[in-house]
Every structure is written in structure tokens, then in C-alpha cells.
Amino acid sequence: MSRLQLALNVDDLDESVKFYAKLFNTEPAKVREGYANFAITEPPLKLVLIQNPGQGGSVNHLGVEVETSDQVRGEIARLSDEGLFTQEQMNTTCCFAAQDKVWVSGPAGEQWEVYTVLADSEVFGTSPELLADDSGDVGTCCTGARAESGLQAAAPCC
């Protein structure tokens, strides 16, 4: 089963978790410092909350969660054949999960990922720029940072 992913920036993670648990009548699947996600059955949605004070209420990035790495590789080939610039991240750790993924940027700079979760992780990411900064924010991992050329420089995650 594939499902859409919506990653939102939130100012207050605890308050947001309480709200979305009520809205979707389900408890979060994972809660870590500065991060939570919900695996919602109806509608099929992976809702990711990323604590980014001052950015609350904005979209962090969008995605499609698929079941297998073969599906991710299939999307890499398909998107590349369509002439889209892709950034592949195979066997990466981000958002407290080991993942295979591919990123593309929409015409307005919106970040989309197609990914599969390989395993749970106790760390947010595997490189220093992916870890929370001193303020407790999640850092650049899920911010969709972009290079001047318009191509993705530091991929978001989750």
C-alpha cells in the first residue's frame, strides 16, 4: 500500500501531537525529540510533524511512502526518464528511520520524496547537518534547503 506523506513544520510539538491525535482519532506511530509521525489508515496518510519554532503552520515537504526499495528504484528510473532532476539517498538515516529514497523539486521549489522505511533508528540522522541544533530544532534535515542553482543542495528527509 502506498500513501501520501505530508510533513508539517510546527511551533509546539506536544500541542500539535494532541491536536492531530484528536483530528485523525489515532495516536502517533513515533514520537522523538522535535519529531512525531502518524501512520493514518483513513485517509491513507503519513503525517510528519517537525518542530521548527517560528515556522509553524507551513509545509516542510511532501512525499509518497512505498513498500519496497524496488519501488523507489522504479521511481528513480521513471522520474529520470521524464527528465526530472533526482537526488537519490539509498540506505540513509533520517527522521529516526533507515530509508531508501529519491527527491525531486516541483516547479515552485516544493520538495517531494518517494521513500521506503527499512528500519527504525534511535538517531535523527547520520550526518552532523541532519542532527538537531542547539535550539532543539531539527536542523537542515527536513527543511528543503536549496542551492542557488535551484537544484536541491541538502535534501529534506522523513
Side-chain angles (χ1 to χ4, degrees), residues 1-11 13 16-17 20 23-24 26 28-30 32 34-52 54-121 123-127 129-132 137-158:
M1 172 202 69
S2 295
R3 62 179 160 202
L4 285 179
Q5 176 195 3
L6 172 61
L8 298 175
N9 292 313
V10 299
D11 290 319
L13 185 66
S16 297
V17 165
Y20 287 106
L23 178 65
F24 291 109
T26 190
K30 184 185 294 187
R32 301 286 192 272
Y35 175 89
N37 76 42
F38 291 80
I40 301 163
T41 304
E42 190 58 40
L45 173 68
K46 179 71 154 280
L47 176 65
V48 175
L49 305 176
I50 301 166
Q51 187 167 302
N52 279 321
Q55 300 297 315
S58 62
V59 172
N60 185 285
H61 67 277
L62 305 158
V64 178
E65 182 180 24
V66 296
E67 292 182 22
T68 69
S69 294
D70 285 341
Q71 288 173 289
V72 172
R73 284 189 285 279
E75 286 301 296
I76 291 168
R78 185 184 71 77
L79 295 167
S80 295
D81 287 347
E82 290 289 338
L84 297 176
F85 172 79
T86 62
Q87 181 175 354
E88 302 168 26
Q89 292 181 316
M90 306 306 277
N91 198 28
T92 189
T93 300
C94 196
C95 293
F96 300 100
Q99 304 171 354
D100 283 345
K101 64 175 76 184
V102 60
W103 289 96
V104 296
S105 298
E110 64 275 17
Q111 300 294 295
W112 280 91
E113 68 176 328
V114 178
Y115 71 100
T116 190
V117 173
L118 305 172
D120 197 36
S121 173
V123 296
F124 188 78
T126 56
S127 61
E129 69 271 21
L130 300 180
L131 301 174
D137 296 346
V138 294
T140 61
C141 180
C142 293
T143 61
R146 299 172 57 77
E148 287 180 24
S149 67
L151 300 178
Q152 186 174 328
C157 71
C158 304

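- Note that the OG1 atom of Thr86 and the CG atom of Asp81 stand 10.5 Å from one another [nearest 0.5 Å].
- Ring orientation note: the planes of Phe124 and Tyr35 are nearly perpendicular, at an angle over 60° on the 30°/60° scale.
- Residues Asn91 and Leu118 are in side-chain contact: their nearest non-hydrogen atoms beyond the backbone lie under 4.5 Å apart.
- With sequence neighbours excluded, the residues that form a side-chain hydrogen bond (donor to acceptor under 3.5 Å, both in side chains) with Glu75 are Arg78.
- Between Phe24 and Phe38, the distance separating the two ring centers is not shorter than 6.0 angstrom.
- Scored by the side chain to side chain contact (heavy atoms under 4.5 Å, CB included) test, Ala77 finds no partners at all (sequence neighbours excluded).
- Counting only heavy atoms from C-beta outward, the side chains of Val48 and Leu8 never approach each other to under 4.5 Å.
- Side chains of Gln111 and Ser105: a donor-acceptor N/O pair is present below 3.5 angstrom, by distance only.
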Apply side chain to side chain contact (heavy atoms under 4.5 Å, CB included) to residues Glu82 and Val104 and explain how you reach the verdict. CA-CA 12 Å; Glu82 290 289 338; Val104 296; over 6 Å; no

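- Rounding to the nearest 0.5 angstrom, the gap separating the CG atom in Asn52 from the CG atom in Leu13 is 10.5 Å.
- For the residue pair Ser58 and Gln55, the shortest heavy atom distance occurs at OG-O, 2.6 Å.
- To the nearest 0.5 angstrom, Leu49 atom CG is 8.5 Å from Leu6 atom CG.
- With contacts defined as side-chain heavy-atom distances shorter than 4.5 Å, the pair Glu113/Gln99 qualifies.
- For Asp11, there are no side-chain hydrogen bond (donor to acceptor under 3.5 Å, both in side chains) partners, not counting sequence neighbours.
- Atom CE of Met90 sits about 5.5 Å away from atom OG of Ser69, to the nearest 0.5 Å.
- Remark: the backbone N or O of Glu65 is not paired with any side-chain donor or acceptor of Lys46 at under 3.5 angstrom.
- A 4.5 Å side-chain heavy-atom check between Val10 and Ile50 finds every atom pair outside the cut-off.
- Counting only distance, with no hydrogens or angles, the side chain of Ser121 and the backbone of Val123 share a donor-acceptor pair below 3.5 Å.
- Here the closest heavy-atom approach between residue Val64 and residue Trp112 is recorded as CG2-CZ3, 4.4 Å.
- Summarising the geometry of Val72 relative to Asp100, their closest heavy-atom pair is CG2-O, 3.7 Å, with the distance given to 0.1 Å.
- With rounding to the nearest 0.5 Å, the separation of NZ in Lys101 from CD1 in Ile76 is 12.0 Å.
- Rounding to the nearest 0.5 angstrom, the gap separating the SG atom in Cys95 from the OH atom in Tyr115 is 9.0 Å.
- Counting only heavy atoms from C-beta outward, the side chains of Leu45 and Arg3 never approach each other to under 4.5 Å.
- Side-chain contact check for Thr116 versus Gln71: every heavy-atom pair is 4.5 Å or farther apart.
- Using a 4.5 Å cut-off on side-chain heavy atoms (C-beta onward), Glu88 and Arg73 make no contact.
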